Amino acid sequence: MTDGQRGAGADRDVRIIDVVRSLRPGEVVSYGDIAVDAGVGRQARRVGQLLAASDDDSVPWWRVVNAAGRLVPGLEAEQAALLIAEGVDVAGGRVRRAAYGRFRRHP
DNA sequence: CCCCTGACTGTCG
DNA sequence: CCGACAGCCAGGG
């Protein structure tokens, strides 16, 4: 592919996944933050859709929650276990604000 | 091109 | 605190 970027869409996906993979243990961020960090603006939905379709084990999807700190529907138990194992404060199917690593929301 | 769906988000009652 | 609503963006039928 010496010509232009036929994979423009795939490039965005790669960036998003890359941001998620850059998360370290105990670090939790929201879909919106991931989208912004990846430089795709308000594609928070695409982030979730992407993670849902990704089978890659190198992608720590459990470190991603929604803006309310809510865990992934249907996988709350597993996600909670993984987060707690990393020292994240999880309660009632959601992550506590204080447990966020890159939390960039008004406190 | 139109319509529906979604691991989202912010506002309102 | 929580449910209902509307807004936004991209993918799939």
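The chains referred to below are lettered A, B, ... by the order of the sequence lines, with proteins before strands, and numbering in each begins at 1. None of these values were measured; they are calculated from a predicted model.
Side-chain N/O atoms of Ser54(A) and Asp56(A) include no donor and acceptor closer than 3.5 Å.
The side chain of Arg94(A) sits closest to dC2(C) out of dC2(C), dT9(B), dA7(B). Residue Ala67(A) has its side chain nearest to dT9(B) when only dC2(C), dT9(B), dA7(B) are considered.
Between Tyr31(A) atom OH and dG10(B) atom C1' there is a gap of 17 Å when expressed in whole angstrom units. Asn66(A) places its CG atom 10 Å from the P atom of dG10(B), with the value rounded to the nearest Å. Rounded to an integer number of Å, the gap from Arg63(A) CZ to dA7(B) P is 22 Å.
Side-chain contact between Val28(A) and Leu23(A): absent, with no pair of heavy atoms (C-beta onward) separated by less than 4.5 Å. Inter-residue side-chain proximity for Val64(A) and Ser30(A) is flagged as unmet; no heavy-atom pair is nearer than 4.5 Å. Using a 4.5 Å heavy-atom cutoff, the side chains of Leu83(A) and Leu71(A) are in contact. Side-chain atoms of Arg15(A) and Asp37(A), non-hydrogen and from C-beta on, never get closer than 4.5 Å to each other.
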Every protein N/O lying under 3.5 Å from an N/O of nucleotides 6-10 of chain C:
| residue | atom | partner | partner atom | Å |
| --- | --- | --- | --- | --- |
| dG7(C) | O6 | Arg45(A) | NH2 | 3.1 |
| dC8(C) | O2 | Arg45(A) | NH1 | 3.3 |
| dC8(C) | N3 | Arg45(A) | NH1 | 2.7 |

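The stretch residues 71-86 of chain A participates, sequence neighbours left out, in these side chain to side chain donor-acceptor pair (under 3.5 Å) pairs: Trp62(A)-Glu86(A), Arg63(A)-Glu86(A).
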